[in-house]
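Keep in mind it's a predicted model, so treat the numbers as computed, not measured. Order of the sequence lines fixes the chain letters, A, B, ..., with proteins taken first and strands second; residue numbering starts at 1 for each chain.
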There are 2 protein chains.
Amino acid sequence: MTASAARVDARPSLRKRVGNGAARRIDADEIGLDALVGHAGYAVRRFQIWIFQDFIRTLGDVDIRPTQYSVLTVIGANPGLSQMAVAKRLGIERARLVHLLDSLEQRKLVKRVKSKTDRRSHALHLTGQGETALAKFKRLAAEHERHVEAKIGKANRERLLQILADFT
Amino acid sequence: MTASAARVDARPSLRKRVGNGAARRIDADEIGLDALVGHAGYAVRRFQIWIFQDFIRTLGDVDIRPTQYSVLTVIGANPGLSQMAVAKRLGIERARLVHLLDSLEQRKLVKRVKSKTDRRSHALHLTGQGETALAKFKRLAAEHERHVEAKIGKANRERLLQILADFT
DNA sequence: GGACAATTGTTGTCGTCAACAACAATCTTC
DNA sequence: GAAGATTGTTGTTGACGACAACAATTGTCC
């Protein structure tokens, strides 16, 4: 859509007599979205909500949410990182990461080790318990990923990951 | 903008190695994501955040957020809808829609008209002011959409909309 | 026709999350 | 050594989703 989208499109045409009293039941499927259909943001938002809901449900037994999973994964792959480094890499506020780590540390999945080279910072590590737990989380996350595949198709999922590779 | 913005901090002495083998300065780019790269949810989430930020910035002058825009668009395309219908179509809690409409009604963009056929419900309409305002919003939203196109490429954006069509 | 269930808008609470601001402790730089 | 920057922390604000409860109204069923 280019300049045409900017024009005030004259009449919304799908109504069935609203002016008088003859209103009828309207199903959600027959409500037009108009300009919204052309917006990537709307589709992406709805899709993201769907994905997160499935992730949360699939990892429900172990009580791990997407953000927690991402934190554990990054720490597991890069032991010793500082909170700042993790926050920057994942695009999380460092203030927010504090609470996330508080929770994960309470569950004995992660430990904050005082860094010897920079006494301001903490070196983040998985606990032994955290390592085995993460292995399980990864299996469940893979199961979730198969749900995504089933939803949009294997090829589409591949293409999606490819298109959005810059954002990871 | 491109990747250049992310590397503002590439400054002088990030020593690459500390003699005792302890820690060294680590750039966000060199932190591995491990399992996260294979997850559609992570990429989609990051992309969605980017999109919303750009939308909010692009529509910043008129102070319209994505959800408000979606509500206005749907009402504009389907005048007379009830709050329930709008909420269901957009996947918004009807409790949440109350506040959204309160705000939009205060700004004289939308009006709630008592329905004569169902005295419980309100028929939602744009005001005259709302119509001309929405036209402007759509122009700005189209501009935002061009930003998306510039970011991921025209063909990729088309493909994305196609892949996610079911979620609209 | 009348009792009972369902729907609509509303209010309120709770938890998640992004965006800031401020602060003490600790580097870094000059 | 002083000035400035960084790290982790605490706190606040506002958008948002999920629920629960409620009054007014409508729909249904016997």
Would Leu90(B) and Val98(B) show up in the same hydrophobic cluster when neighbours are defined by side-chain heavy atoms closer than 4.5 Å? no
From NE2 of His99(B) over to P of dT13(C), roughly how many Å is that when rounded to an integer? 11 Å
Any Gln83(B) side-chain nitrogen or oxygen under 4.0 Å from OP1 or OP2 of dT7(C): no
Can you check whether Thr67(A) has a side-chain N or O nearer than 4.0 Å to OP1 or OP2 of dC17(C)? yes
Return no unless some side-chain N or O of Arg112(A) is found under 4.0 Å from OP1 or OP2 of dT9(D). yes
Val98(B) side chain: which of dT10(C), dT10(D), dC16(D) is closest? dT10(C)
Phosphate OP1/OP2 of dC17(C): any Arg45(B) side-chain N/O under 4.0 Å: no
Figure out the CD/P separation between Gln48(A) and dT16(C), and round it to whole Å. 16 Å
Interatomic distance, Ile92(A) CD1 vs dT9(D) C1' [rounded to whole Å]: 16 Å
Given atom CG of Leu97(B) and atom P of dT8(C), what is their separation to the nearest angstrom? 13 Å
Compare the minimum distances between each of dC17(C), dT25(D), dT10(C) and the side chain of Asp118(B), then state the nucleotide with the smallest one. dT25(D)
Are any of Arg120(B)'s side-chain N or O atoms less than 4.0 Å away from OP1 or OP2 of dA24(D)? no
How would you label the contact of Arg94(B) with the nucleic acid (heavy atoms, under 4.0 Å): base, sugar-phosphate, or nothing? base
Could you check how far CG of Leu101(A) sits from C1' of dT7(D), rounded to whole Å? 13 Å
Return the value, rounded to whole Å, for the distance between atom CZ of Phe52(B) and atom P of dA18(C). 13 Å
Send over the distance from Glu93(B) CD to dT8(C) P, rounded to a whole Å. 14 Å
Which of dG9(C), dT25(D), dC16(D) is nearest the side chain of Met84(B)? It is dG9(C)
Taking everything shown except Lys136(B) itself, do over 12 heavy atoms lie less than 6.0 Å from its NZ? no
Lys/Arg N to Asp/Glu carboxylate O, Arg112(B) vs Asp102(B), below 4.0 Å: yes
Any chance the rings of Tyr42(B) and Tyr69(A) have centres within less than 6.0 Å? no
Ignoring backbone atoms, test whether Arg96(A) places a side-chain nitrogen or oxygen under 4.0 Å from the OP1 or OP2 oxygen of dT9(D). no
Lys116(B) NZ to dT26(D) P, straight-line distance once rounded to whole Å: 14 Å
Please state whether the phosphate of dA18(D), meaning OP1 or OP2, lies under 4.0 angstrom from any side-chain nitrogen or oxygen of Gln53(A). yes
Which listed nucleotide (dC20(C), dT11(C), dC17(C)) is nearest to the side chain of Ala95(A)? dC20(C)
Any chance you could measure Phe167(A), atom CZ, to Leu161(A), atom CG, to the nearest 0.5 Å? 13.5 Å
